[in-house]
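Report on the following structure.
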Amino acid sequence: MRYSHLFAPTLREVPADVEMVSHKLLLRAGFIRQLVTGVYEFLPLGYRTLTKVSDIIRDEMNKQGAQELLLPAMHPKELWAESGRDVTMSEVLIGFKDRKGTEYYLGPTHEEVITNLVRKSVQSYRDLPLNLYQIQMKFRDEARPRGGLIRCREFLMKDGYSFDRDEEGLNIVYNKMFEAYTSIFKRCGLDITPVDASGGAIGGKETKEFMLLTDAGEDSILICPGCGYAANQEIADFRVDDTDEFMPFQPIRTVSTPGAHTIEQVCNFLKAYPYQLIKTLIYMADGKPVAAMIRGDRELNEGRLRVLLGASALEMATPEQILEYTGGPVGFSGPIGLNIPLYADEEIRYLKNFVIGANELDAHIINANWSDIKSDITWSKLRFAVEGDICEVCGEPFIEKRGIEMGHVFKLKYSISEPMNAVYTDEEGNEKLMIMGCYGIGVSRIIAAVAETSNDANGLIWPMSIAPFQVHLILANATDEVQRLLADSIYNQLLSAKIDVLYDDREERAGVKFKDADLIGIPIQVIVGKTAADGKAEIRDRAAKLSEIVEKMQIIDNISNRIQSAL
RNA sequence: CGGGGCGUAGCGCAGCUUGGUUAGCGCGCAUGUUUUGGGAACAUGAGGUCGCGAGUUCGAAUCCCGCCGCCCCGACCA
């Protein structure tokens with residue numbers, strides 16, 4: 001490709017309000033442009049890299065026996081009603097109507113569509129297992145798109161789905177996909193940490209997220225330096241401190257706390273610490289109220305509570321509902337006298353003389369103890385793990401890191417096949433549910449992740465495997481005939497050798513070309529300049545910033561060797 | 001959805017507080033001359049619904065109201 005024909009509008013400056021490094025560099029280097037919030041155009045350079053990432057994914061998926069197909073982006077609403085996810089995922093679904101008024105969604109993920117396809121086409125155990133995937137744009141009405149390609153409303157995703165006869169089959173394909181993912185990220189030059197995770201709205205039991213650990217990450221990851229256990233904060237398992245220290249009980253009493261409805265205000269008013277308070281949170285679980293109690297300085301893990309309750313929808317009660325079920329306003333809820341199910345975090349089991357709400361305006365109860373609470377209480381781990389919590393496995397304290405989720409493998413099991421009745425007939429003629437797994441990778445997000453982690457003050461630095469081109473050939477002075485002849489000759493030789501080359505033949509000053517080359521970040525730069533008179537060119541490593549002067553006869557071999565060793 | 005910030009030429013910004021010529025600067029773009037290995041110099045020139053709408057006023061980029069869009073921070077997820 002000749003640069004003079006390339007559509008790659010590089011920028012010297014970027015909008016001041018763009019924060020993330022990858023976002024800035026991908027914009028500046030002419031890889032992407034934004035249409036509206038969370039929706040991007042992939043320019044030729046960006047699309048080349050996207051294609052290279054996709055090809056690596058295909059290669060590794062196919063190696064593990066998966067088959068590529070392409071499913072529709074527009075889904076009839078009824079299909080989503082079958083799985084019930086038209087309700088549970090309603091916030092991210094982007095819908096529209098056709099001319100007849102039939103409702104559709106743009107696919108945010110494809111479990112429904114693929115399960116429908118497979119259940120119609122597969123009858124016998126002989127047709128299983130199946131492992132199918134596609135690479136396609138996904139559409140999600142994200143609450144907050146951010147960071148350029150990090151979090152988009154329209155993004156390229158590889159999504160794969162497996163259908164097996166039994167758990168054993170699922171385990172085999174799940175492990176294969178885990179292997180494939182490990183290889184994919186490695187080949188893309190990403191250092192990825194697999195962590196335990198929760199299934200989220202897609203459901204599923206056993207799941208691993210592939211995390212890129214970076215301060216720019218959106219998720220919190222807890223890592224145990226002792227045994228290597230790593231998990232998303234939402235499910236990280238920790239050991240609860242269950243020491244029961246002796247402490248004399250104080251007389252319980254109700255005190256006036258005018259205007260103090262936050263933990264901080266109550267603490268200031270009562271001269272207490274947040275860990276001496278118990279906050280009582282009122283939730284609506286599938287329409288029924290429950291109370292969850294947790295230490296004042298902790299955060300409730302709604303995922304854990306939802307699992308404990310077996311609820312599909314869990315949301316905080318409205319002020320009106322709180323008034324109805326507790327008799328008091330928001331900020332003064334407490335367990336005494338409540339007529340709704342009580343759940344408490346195990347951590348507060350041995351707390352004594354604690355502070356709780358009195359279920360009336362401007363009043364709290366101090367020196368409360370569990371013997372004062374007559375209702376039944378269900379104890380469970382309800383809070384989020386935090387840095388310093390003790391690893392359940394080995395007893396070492398966790399450290400916390402930030403991460404970006406690059407991929408996810410789930411064992412869906414029967415969560416989709418059951419509501420959608422995806423069945424097959426087994427050897428004995430019995431009808432059985434297919435067991436499913438699903439496997440996703442954010443393809444466009446990989447580009448952002450690599451850009452985020454591999455760059456310097458001058459621009460991007462692509463690994464050979466996914467660089468838009470392998471070689472950036474620079475004709476330093478386009479008006480110098482000797483230079484042009486040598487550069488043309490090298491260009492043609494590289495093309496013949498099937499090496500991906502971008503040839504900067506523009507009539508620009510050398511400095512402009514060097515700046516653009518460093519910004520775009522192609523790993524090998526070949527500079528044809530002053531040394532052309534001696535029949536030599538300069539080969540420069542973008543990442544190491546090291547150059548060598550090479551005789552023209554050896555240039556192609558030198559480059560080929562560099563490419564081979566980089567791949 | 002809550003909080004904060006921003007919207008003026010392709011890009012980056014000033015002007016707005018205190019309304020008043022023809023709305024300005026840098027980069028980029030076009031033409032010419034010189035230059036030619038790290039984002040050249042000079043000269044000339046083109047380029048604007050001041051986000052949109054309604055209002056106040058003799059007069060609005062500037063003041064008021066409404067809307068839209070964008071970025072950042074939190075609740076949600078590849």
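Chain letters run A, B, ... following the sequence lines, proteins first, then strands; residues in each count from 1. Basis for what follows: all heavy atoms, side chains included, without hydrogens, waters or symmetry-related copies. Only a predicted model underlies this, so the values are computations on that prediction, with no experimental measurement involved.
- Counting any heavy atom pair closer than 4.0 Å across all strands shown, A:Asp518 reaches a base atom.
- A:Tyr3 and A:His5 have their aromatic ring centers separated by at least 6.0 angstrom.
- Of the candidate nucleotides B:rC77, B:rC70, B:rA78, B:rC70 has the atom lying nearest to any side-chain atom of A:Gln34.
- For the C1' atoms, the distance from B:rA14 to B:rC6 is 15 Å, rounded to whole Å.
- Of all nucleotides present, only B:rU34 satisfies the Watson-Crick or G-U wobble test against B:rA40, with each distance under 3.5 Å.
- With both ends at atom P, the span from B:rU35 to B:rG15 equals 41 Å, rounded to whole Å.
- Taking the side chain of A:His23 as heavy atoms from C-beta on, and the options B:rC72, B:rC77, B:rG37, the nearest nucleotide is B:rC72.
- Comparing A:Leu149 and A:Leu519 by the nucleotide of RNA chain B that holds the closest heavy atom to each, the one mapping nearer the 5' end is A:Leu519.
- You'll find that the side chain of A:Cys152 is closest to B:rA78, out of B:rG39, B:rC11, B:rA78.
- For B:rG28, its base never sits under 3.5 Å from the side chain of A:Glu13 at any donor and acceptor pair.
- Under the 6.0 Å cut-off for aromatic ring centres, A:Phe185 and A:Phe210 qualify, their centroids lying closer than that.
- Within the 4.0 angstrom heavy-atom criterion, no nucleotide atom of any strand lies near A:Arg153.
- No contact: A:Asp480 has no heavy atom under 4.0 Å from any strand.
- Among the heavy atoms of the strands, none lies under 4.0 Å from A:Val443.
- Straight-line distance between the C1' atoms of B:rU62 and B:rG55: roughly 15 Å, to the nearest whole Å.
- Using a distance-only test at 3.5 Å, with no hydrogens or angles considered, no donor-acceptor pair links the side chain of A:Asp488 to the main chain of A:Leu485.
- Between the C1' atoms of B:rU17 and B:rU36, the separation comes to 49 Å (whole Å).
- Of the possible donor and acceptor atoms, one in the side chain of A:Arg445 sits under 3.5 Å from a partner among the backbone N and O of A:Glu405.
- Here A:Phe155 counts as stacked on B:rA78: its ring centre is under 5.5 angstrom from the base ring centre and the planes meet at under 30°.
- The backbone N or O of A:Gly459 sits less than 3.5 Å from a side-chain atom of A:Asp456, completing a donor-acceptor pair.
- The residue A:Gly148 sits apart from the nucleic acid: no heavy atom pair falls under 4.0 Å.
- Taking atom C1' on both B:rC72 and B:rU56, the two are 34 Å apart, rounded to the nearest angstrom.
- Counting any heavy atom pair closer than 4.0 Å across all strands shown, A:Gly529 reaches a base atom.
- Taking 3.5 Å as the limit, the base of B:rC1 and the side chain of A:Arg144 contain no donor-acceptor pair of atoms between them.
- A sub-4.0 Å separation between OP1 or OP2 of B:rC73 and a side-chain N or O of A:Arg146 is present.
- If you take atom P in B:rA30 and the same atom in B:rC70, they sit 31 Å apart, rounded to whole Å.
- Residue A:Ile404 is out of contact with every strand shown, counting any heavy-atom pair closer than 4.0 Å.
- Contact between the side-chain N/O atoms of A:Arg12 and the OP1/OP2 oxygens of B:rC27 is not found at any separation under 4.0 Å.
- Between the CD atom of A:Glu481 and the C1' atom of B:rU36 there is a distance of 15 Å, given to the nearest Å.
- Counting only distance, with no hydrogens or angles, the side chain of A:Trp462 and the backbone of A:Ala451 share no donor-acceptor pair below 3.5 Å.
- Atom CD of A:Glu218 and atom C1' of B:rC77 are 8 Å apart (whole Å).
- An OP1 or OP2 oxygen of B:rG37 is reached within less than 4.0 angstrom by no side-chain nitrogen or oxygen of A:Gln483.
- With rounding to whole Å, A:Ile527 atom CD1 is found 15 Å from B:rU36 atom C1'.
- Using P as the reference atom, B:rC13 and B:rC71 are 14 Å apart when rounded to the nearest Å.
- Closest to the A:Arg140 side chain, of the nucleotides B:rA40, B:rG37, B:rC77, is B:rC77.
- With distances taken from any side-chain atom of A:Arg151 to the nucleotides B:rC76, B:rA40, B:rC72, the minimum falls on B:rC76.
- Ranking B:rC70, B:rC76, B:rG38 by closeness to the A:Glu142 side chain, first place goes to B:rC76.
- In the set B:rC72, B:rC70, B:rC77, B:rC77 carries the atom at the smallest distance from any side-chain atom of A:Arg445.
- A gap of 5 Å separates the C1' atoms of B:rG48 and B:rA9, to the nearest Å.
- The listed nucleotides are B:rC71, B:rG37, B:rA75; the one nearest the side chain of A:Tyr40 is B:rC71.
- Taking every side-chain heavy atom of A:Arg28 into account, B:rG39 is the closest of B:rG39, B:rC77, B:rA75.
- Phosphate contact (OP1/OP2 of B:rC70, side-chain N/O of A:Thr37, threshold under 4.0 Å): present.
- The base of B:rG37 sits within donor-acceptor range of the side chain of A:Glu538, with an N or O pair under 3.5 Å.
- For the residue pair A:His23 / A:Glu452, no side-chain donor-acceptor distance below 3.5 Å is found, with atom types taken as modelled.
- Nearest to the side chain of A:Lys515, among B:rC70, B:rG37, B:rG38, sits B:rG38.
- The closest side-chain donor-acceptor pair between A:Glu179 and A:Thr182, if any, does not fall under 3.5 angstrom.
- Within 3.5 Å, a donor on the side chain of A:Asp516 pairs with an acceptor on the base of B:rG39, or the reverse.
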